[in-house]
Number of protein chains: 2
Amino acid sequence: MAVTLKEVAERAGVSRSAVSRTFTEGASVSPKTRAKVEAAANELGYSPNALASSLTTGRTKLIGLVSNNFHNPLFLEVFDLFTRGLQDRGLRPLLVNLSHETDPANSVRMLRQYSVDGVIVASSTLPPSFAEAFRDAGVPVVHSFGRYTTSPHVHVVGIDNIACGRMAAEALIARGHKRVAFMGGPEGATSTQDRARGFFDALASHPEIEASVSYARAYSFDAGREEMARLLQSDPAEAYFGGDDVLSIGAMSAIADKGLRVPQDVGVIGLNDMAMARWQNINLTTIRQPVAEIIEASIDLVVGTIERPDRHPETRLFPCRVIERGTLRPCPT
Amino acid sequence: MAVTLKEVAERAGVSRSAVSRTFTEGASVSPKTRAKVEAAANELGYSPNALASSLTTGRTKLIGLVSNNFHNPLFLEVFDLFTRGLQDRGLRPLLVNLSHETDPANSVRMLRQYSVDGVIVASSTLPPSFAEAFRDAGVPVVHSFGRYTTSPHVHVVGIDNIACGRMAAEALIARGHKRVAFMGGPEGATSTQDRARGFFDALASHPEIEASVSYARAYSFDAGREEMARLLQSDPAEAYFGGDDVLSIGAMSAIADKGLRVPQDVGVIGLNDMAMARWQNINLTTIRQPVAEIIEASIDLVVGTIERPDRHPETRLFPCRVIERGTLRPCPT
DNA sequence: AAGATGTTTGCAACCGGTTGCAAAATGCTC
DNA sequence: GAGCATTTTGCAACCGGTTGCAAACATCTT
C-alpha cells in the first residue's frame with residue numbers, strides 16, 4: 001500500500017542511500033540528485049516511515065503523556081497546551097490514561113515497547129516514585145505538576161504547593177478573618193498534603209486565628225459539595241481555602257443551598273484558576289497556577305534530557321498569585 | 001540500552017526465531033523452549049519492540065485520535081473514554097490537536113509516517129471531507145460526533161442533530177411556549193446547521209408559534225453570554241434552545257445579570273449533558289448525548305475496518321433524550 | 001596535465017523484529 | 001525398532017529505513 005524508499009530510488013534512478021539522504025537533515029546530496037529524488041517522491045506520494053527510521057536512529061519522536069487527571073477541567077487546558085507544544089517541536093504525544101492504575105510497571109513496559117523518546121507524567125496526585133520508575137528504566141522523564149522535593153530523583157515542574165497554602169492563609173488573614181479552614185482534596189494526594197502544610201505554617205504565627213482542616217474524598221464538584229454540606233451542619237468557619245477550583249465550586253453550591261451568601265457569610269478561595277473560575281456566574285477568587293509556563297518548561301526539560309540523558313534532576317517551580325474576584329470579601333483598608 | 005531478541009536468544013541457548021515465537025500469539029513453540037525463553041527474558045527484563053515488529057506485521061496498534069475540540073469540557077470526558085476504551089483493546093492513542101488547522105493533508109501525512117492502524121476523528125465541527133482525506137489515503141477512519149449524511153464516504157458515529165433540534169423544539173412546545181428561539185454555535189459548524197434545521201422543521205407544523213434564530217461566535221461560555229446579552233437588549237423569546245451546554249450556561253449568566261429568572265422569565269434547554277450540567281448550581285435541562293455509546297461504537301468500527309478495510313461505510317446514530325432539570329418550566333398538565 | 005583536496009555516491013551491514021521453508025526432533029503405530 | 005505423521009526448530013530472507021566506508025567524481029592548485 002505505502003510507497004517505500006526502494007520504489008522512489010528506482011524511479012529516480014539512484015541508490016536507496018541517496019533517497020534516504022535527501023530526507024535526512026544535513027546529509028550529503030548534490031542538488032542534482034536531490035531534485036531527481038524529490039520529483040520521484042512527489043510523483044509517488046512518498047513520505048518516509050518514521051518508525052522504520054527510528055530503528056536505526058534510536059529516535060521515535062514519540063513522547064508518552066501519562067496522566068490520571070481525566071476529570072479535572074484544568075486538564076483539558078493541560079492537554080491542549082501539551083499537545084500543541086509537543087507538535088510545535090515535531091514531537092508526538094502518545095497518551096496514557098492511568099485512571100485507577102497506580103503501579104507504574106505496566107506504563108513503563110508499554111512505553112518502552114513503543115520506544116518513546118521521553119515521558120511526561122502530568123499529575124498532581126501521583127507520588128514521585130511513579131515518575132522515578134521511568135528514570136530507573138532509563139527513560140527521560142519529567143513530572144509535571146509534581147511534588148517538590150529537596151533531593152529530587154527526576155525533573156519536577158510545577159508550583160510550590162506549600163507556598164500556595166501559605167499564600168491562601170495570608171489572603172484570608174489580610175481580609176481580617178479570625179476563623180479559617182482548609183478544605184483539601186483527598187488526604188493522600190501530595191498536592192493536598194503540601195497545601196495544608198503551608199496553610200498551617202502561615203497560621204502558626206497568628207495564634208489568635210482559629211483554623212481547622214478537612215478533606216474531600218476527591219478533587220470533584222460532588223466531593224466539595226458533600227464536604228461543605230457536612231461542615232455547614234456544625235459551626236462553619238468564616239472563610240475556606242478550597243484545595244482546588246472545582247472543589248470550591250462544589251462547596252459554594254452547598255453554601256448557596258444553605259441560604260448563605262458568598263462572600264458575606266462565607267468566603268472561599270480556590271486554587272488553579274481554571275477557565276471556569278472567571279465565568280461571571282462563578283467568579284471565583286482563586287490562586288492562579290501558571291499552567292502554560294509549567295507546560296513549556298516541562299517540554300523544554302524533557303527535550304533537554306533526551307539530548308543529555310545524564311543531566312542532573314532539576315526542579316522548576318513557578319510562582320502563583322491570587323486572582324481577586326468575587327468570593328472573598330475585600331481587604332479592610 | 002534496551003534488551004533485544006538476540007540477547008535473550010543467546011542466554012536461553014535458542015535461535016532468535018524461537019524467542020520471537022514465544023512472544024507471538026499462536027506460534028508453534030514447545031513448552032520446554034518457551035520456559036527457557038521466558039526465564040531468560042525475565043532475567044534480562046526483555047519486552048519486544050512493538051515498532052520493530054510492526055515493520056513485518058504491518059500493525060502498530062497505534063490509533064490516531066484527531067480533534068479540534070480542546071476547549072469543550074465534554075471533550076475531557078471524550079478523551080477519557082477514548083483513551084480507556086482503546087487501551088482496553090491493546091491499542092494506543094496518538095493524539096493530534098488540530099486547533100486552527102483545517103487542511104487534513106498535514107495530519108494525514110503525519111499519521112501515515114507513524115503507520116497508525118486507524119484514525120478516529122473526534123469533532124462535531126469538522127466537515128465530512130476531513131475524515132474522507134484519511135480514507136482516500138487508505139487509512140481506516142471513523143468520524144466520531146460527525147455529521148450524518150445519506151450517502152456517507154466514511155464511517156460516522158454520532159447523534160442525529162436534526163432529530164435533536166426537533167426534540168428541543170417539541171420540548172419547548174410541550175411546555176406551552178409561544179415565542180421560542182434557537183441560539184446556535186458558530187454558523188459554519190455542521191452540528192449547528194443540522195440542529196437549526198430540525199428545530200425549525202418541528203415548528204413548521206405550529207404556525208402559531210413565533211420562532212427566531214441567532215448564532216454565537218463559538219461554542220463557549222463567553223460567546224453564549226455575549227450573544228444572550230445582545231438578545232436581551234431587544235425583545236427576548238420565552239425560551240431558548242442553546243446549541244450546547246457551555247453556550248447555554250453562558251447565556252444563563254447573561255440572563256441572571258439582567259435580573260431575570262430561569263426558568264420563570266426565560267427558559268433554557270441545552271445539548272450534551274456534560275458533567276457540569278448536573279451540578280446543582282447549574283442544574284441545566286438539556287438533551288443528553290450518549291457519549292459512552294458513541295465512543296464504544298467508534299472504536300468497534302475502526303477496529304472492524306482495520307480487519308476488513310473494504311467494509312462499506314456505515315452510519316451509527318444514537319438516540320438522545322431530554323434530561324429534565326431546572327431550567328425549563330414543567331409541562332402544563 | 002598531474003596531483004591534492006573535497007564532495008557525492010553506492011555497497012553492504014545493520015537496526016529489532018517476523019516468517020516461509022526445509023531439516024530435525026518427537027510421538028505414534030505396528 | 002522401523003516407518004510414518006506431526007510438531008518444533010533454525011536458517012535466511014525480509015520489513016523500511018540509516019550509515020561507515022571506500023570508490024568515483026568534481027574542483028582547485030601549481
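Worth knowing before you read on, the calculation uses all heavy atoms, side chains too, and leaves out hydrogens, waters and symmetry mates. Just so you know, these numbers come straight off a predicted model, no measurement behind them. Throughout, a chain's letter reflects where its sequence line sits, starting with A, and its residues are numbered from 1.
To the nearest angstrom, C1' of dT8(D) lies 10 Å from NZ of Lys32(B).
No hydrogens or angles considered: nothing links the side chains of Arg92(B) and Gln87(B) as a donor-acceptor pair under 3.5 Å. Checking Asn97(B) against Ser67(B) by side-chain atom types alone, no donor-acceptor pair falls below 3.5 Å. A donor atom on one side chain and an acceptor atom on the other are found under 3.5 Å apart for Asn68(A) and Thr125(A). The closest side-chain donor-acceptor pair between Ser298(A) and Ser144(A) falls under 3.5 angstrom.
Look at Ser30(A) and you won't find any side-chain N or O under 4.0 angstrom from OP1 or OP2 of dT8(C).
Considering Phe145(A), Tyr219(A), Phe70(A) in turn, Phe145(A) is the only one that fulfils the ring-ring contact (aromatic ring centres under 6.0 Å, His included) rule with Phe75(A).
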message = Base contacts versus sugar-phosphate-only contacts with protein, heavy atoms under 4.0 Å: please encode nucleotides 14-19 of chain C as B, S and - from 5' to 3'.
response = BBBBBB

